Colleague: 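Dropping the structure in here first, questions after.
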There are 2 protein chains.
Amino acid sequence: METTLLRFGIDIGGTGIKAGVVDHENHILGQAYVPTGAQRAWQQVIPDIAKTAQEALQSAGLCRDAVGSAGVGCPGTIDAKTGTVVYSNNLNWKDVPLAQALRRLLDVPVRISNDANCAALGEVCAGAAKGLQNVFMLTLGTGVGSGIILNGKIFEGGGPGGAEFGHTLLVENGERCTCGRRGCLESYASATALIRQARRAAEAQPDSLLCTLCEGDLSRMNGRIPFQAARQGDPAALQVVQTYTAHLAAGITNAVNIFRPQAVLLSGGISKEGTYLTDPLTERVKQEVFGGAASFLPEIRTAQLGNNAGLLGAANLF
Amino acid sequence: METTLLRFGIDIGGTGIKAGVVDHENHILGQAYVPTGAQRAWQQVIPDIAKTAQEALQSAGLCRDAVGSAGVGCPGTIDAKTGTVVYSNNLNWKDVPLAQALRRLLDVPVRISNDANCAALGEVCAGAAKGLQNVFMLTLGTGVGSGIILNGKIFEGGGPGGAEFGHTLLVENGERCTCGRRGCLESYASATALIRQARRAAEAQPDSLLCTLCEGDLSRMNGRIPFQAARQGDPAALQVVQTYTAHLAAGITNAVNIFRPQAVLLSGGISKEGTYLTDPLTERVKQEVFGGAASFLPEIRTAQLGNNAGLLGAANLF
């Protein structure tokens with residue numbers, strides 16, 4: 001019988017580092033977590049990444065030679081070919097030779113990719129898009145991350161800084177985006193954007209349920225409140241949610257016209273709204289897409305793996 | 001010595017069908033042309049496609065068994081996997097089994113792809129992007145066609161109707177596009193769009209050079225006049241060209257943020273403006289792109305192969 005080696009899957013975030021030992025049925029046999037301490041230099045953070053992986057191994061009761069590879073998901077612009085983190089705002093890293101440094105510490109081959117890419121690959125390997133080959137995923141969080149799977153593999157773009165679908169235009173001369181441009185998808189479809197719009201609506205309509213649910217303190221606005229108020233029929237909230245949905249649908253329509261995936265996945269906090277979000281999105285995309293309702297249309301689904309998607313996808317870089 | 005078989009390259013347009021016999025150095029050894037007669041049923045058009053290929057063979061002084069394959073570029077939504085033209089507005093075709101029918105007549109394996117895809121592949125194999133692996137091309141004509149080359153191959157999308165970059169959003173609730181949506185790149189960056197904007201500007205400013213160059217008859221407006229007037233410093237024309245360039249730059253920026261190609265190619269009538277068009281585009285894209293001027297930036301070039309790009313690319317489907 002052939003022995004198949006296990007894989008480390010590692011998910012580096014601005015707040016914490018998660019590592020897991022993953023088998024070839026995508027079961028997580030053991031995992032560990034440490035805070036990132038992103039204020040430190042990368043030379044101090046990387047040994048902690050290796051340590052987290054080793055703790056995951058211990059928690060699974062396995063020894064070192066059970067694992068044959070390590071995949072790492074990392075926020076920011078990644079050069080997957082060279083294994084370099086070109087730039088990561090969350091980690092405050094620039095040109096960090098992550099794969100090389102980690103390989104030295106873990107003594108296994110290391111591959112890296114963007115965290116949103118890894119999350120998409122995780123859902124394809126073990127989650128909401130299991131068995132599909134062409135999948136487009138948007139993570140609706142503080143920003144809008146995109147993960148594009150073509151023929152079962154992560155699409156990295158021809159060079160670093162590709163597959164940044166969150167930074168495609170939606171509104172000419174629109175809201176200022178974190179990338180410096182105006183009107184990007186991220187500046188209309190992130191949770192941050194939804195909260196901004198909900199605050200504006202609440203300010204303009206102080207009698208709305210949007211205000212009530214914040215208990216009058218708009219600094220307490222979050223991404224759930226507009227949906228909660230809309231579900232109760234509050235006109236101001238309905239308007240905010242409808243506008244948000246229209247922008248997100250426009251972004252998804254663009255993605256469908258480019259990639260024609262088999263499925264579009266949504267993850268991140270806002271995706272928890274489920275069919276209240278995906279049903280109207282599906283209707284709008286069907287109307288707007290090139291070729292219309294009769295064309296090859298993807299199903300719009302919510303992701304399933306939650307916080308483990310990145311780790312599982314990272315393991316599947318091998 | 002191994003005998004390498006030649007290839008048919010066929011380019012079907014709404015007006016004419018062009019066929020060529022192409023060798024492995026991408027020389028066209030012979031070619032032929034017939035009008036499409038697109039008002040006829042496809043069952044009548046396809047024999048003419050085969051006939052054109054055979055005429056190309058004769059004009060090269062070659063016999064039938066010199067050719068081992070046929071690649072075909074066709075306008076519209078193509079299912080490359082099944083060899084079917086799903087829908088072509090220009091040809092008035094729907095669900096036409098082009099590859100199968102042509103295979104029967106030519107007695108060689110047949111592959112088909114969208115005409116803009118073939119043009120991009122042609123430029124990669126033998127033209128302005130020779131030797132590059134990741135290239136994004138826009139054809140600025142009546143519409144805006146896109147051809148995306150990833151790892152040296154045409155990117156078809158996960159299903160028919162993908163790679164339609166001309167139908168991604170630029171302006172929310174903007175100009176009505178031919179696809180039914182509002183504000184697509186095509187409705188701002190096609191020659192048709194430029195002419196529409198130039199006419200509007202000429203109407204509003206009847207003293208402008210835009211009007212003079214049309215000899216007062218705005219139905220004579222074409223895609224060259226606004227550039228010609230702008231080069232002479234006409235304020236109305238400068239405004240039209242600047243707005244056109246800004247929209248095109250926004251579309252290219254989106255493509256760079258998604259694909260990070262090594263080169264962006266422009267073809268079609270408007271690309272003949274050369275560096276007068278590409279220099280300001282390059283500047284704008286550099287400013288707007290994710291990661292800015294320090295990121296991995298493609299060169300923006302004009303295509304080289306003109307009307308032969310589609311035929312050469314089609315031959316290279318094999």
Side-chain angles (χ1 to χ4, degrees), chain A residues 77 79 86-87 132-136 146 148-151 155-174 177-185 188 246-247 250-251 253-263 287-292 294-298, chain B residues 77 79 86-87 132-136 146 148-151 155-174 177-185 188 246-247 250-251 253-263 287-292 294-298:
Chain A
T77 301
D79 188 337
V86 177
Y87 178 68
L132 300 187
Q133 291 290 303
N134 294 291
V135 173
F136 179 83
S146 67
I148 302 161
I149 306 295
L150 302 179
N151 300 319
F155 171 65
E156 297 280 355
E164 286 288 356
F165 208 89
H167 301 286
T168 55
L169 197 74
L170 269 198
V171 180
E172 198 183 24
N173 300 317
C177 184
T178 54
C179 74
R181 205 178 178 195
R182 281 191 179 277
C184 289
L185 176 60
Y188 288 86
H247 284 130
T253 302
N254 286 345
V256 172
N257 286 353
I258 297 170
F259 293 107
R260 287 286 160 172
Q262 295 160 292
Q287 282 162 31
E288 289 185 24
V289 83
F290 185 75
S295 69
F296 181 85
L297 286 173
Chain B
T77 302
D79 187 336
V86 176
Y87 178 67
L132 300 186
Q133 291 290 305
N134 295 291
V135 173
F136 179 83
S146 67
I148 302 160
I149 306 295
L150 301 178
N151 300 321
F155 170 64
E156 296 280 355
E164 284 288 355
F165 207 89
H167 301 286
T168 56
L169 197 75
L170 268 198
V171 180
E172 198 184 24
N173 299 318
C177 183
T178 55
C179 74
R181 206 177 177 195
R182 282 190 178 278
C184 290
L185 176 60
Y188 288 87
H247 284 129
T253 302
N254 286 345
V256 172
N257 286 353
I258 297 170
F259 293 107
R260 288 285 160 173
Q262 295 161 293
Q287 284 163 28
E288 290 184 24
V289 83
F290 185 76
S295 69
F296 180 86
L297 286 173

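Quick caveat: nothing in here was measured; it's all calculated off a predicted structure.
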Colleague: Pick one of side chain, backbone, both or neither for B:T77, based on which atoms fall under 4.5 Å of a heavy atom in chain A.
Modeller: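 The answer is the side chain of B:T77.
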
Colleague: Tell me if a side-chain donor or acceptor on A:R260 pairs with a main-chain N or O of B:G161 at a distance below 3.5 Å.
Modeller: yes

Colleague: Most heavy-atom pairs under 4.5 angstrom with chain B, which of A:G157, A:A163, A:G251?
Modeller: A:A163

Colleague: In Å and rounded to the nearest 0.5 Å, what is the OG to CG distance from B:S146 to B:L185?
Modeller: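 It comes to 8.5 Å.
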
Colleague: Which of the residues B:C179, B:G159, B:P261 is involved in the greatest number of heavy-atom pairs with chain A at under 4.5 angstrom?
Modeller: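 Max contact count across the listed options: B:G159.
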
Colleague: Given a strict heavy-atom distance threshold of 4.5 Å, which part of B:V135 is in contact with chain A: side chain, backbone, both, or neither?
Modeller: neither

Colleague: With only heavy atoms counted, which part of A:L169 is less than 4.5 Å from chain B, the side chain, the backbone, both or neither?
Modeller: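 Contact with chain B is through both the backbone and side chain of A:L169.
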
Colleague: Quick check for you: among A:A250, A:G180, A:S295, which has the greatest number of heavy-atom pairs under 4.5 Å with chain B?
Modeller: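 With the most close heavy-atom pairs to chain B, the winner is A:A250.
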
Colleague: Tell me every residue that passes salt bridge (Lys or Arg N to Asp or Glu O under 4.0 Å) with B:R181, counting only those two or more places apart in sequence or in another chain.
Modeller: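 For B:R181, the residues satisfying salt bridge (Lys or Arg N to Asp or Glu O under 4.0 Å) (neighbours in sequence not counted) are A:E288.
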
Colleague: If you count heavy-atom pairs under 4.5 Å with chain B, which of A:F290, A:Y87, A:F165 comes out on top?
Modeller: A:F290

Colleague: Just to verify, what does B:F155 make a ring pair (Phe, Tyr, Trp, His ring centres under 6.0 Å) with, not counting sequence neighbours?
Modeller: A:F259

Colleague: Looking at A:V256, A:V171, A:I258, which makes the most heavy-atom pairs under 4.5 Å with chain B?
Modeller: A:I258

Colleague: Distance-only, no hydrogens or angles: does the A:E172 side chain make a donor-acceptor pair with backbone N or O of A:G183 under 3.5 Å?
Modeller: no

Colleague: CG of A:N134 to CD1 of A:I149: how many Å apart, nearest 0.5 Å?
Modeller: 9.5 Å

Colleague: Measuring from A:N257:CG to B:H167:NE2, what's the distance to the nearest 0.5 Å?
Modeller: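 Here the rounded value is 7.5 Å.
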
Colleague: So which part of B:L170 gets closer than 4.5 Å to some heavy atom of chain A, the side chain, the backbone, both or neither?
Modeller: both

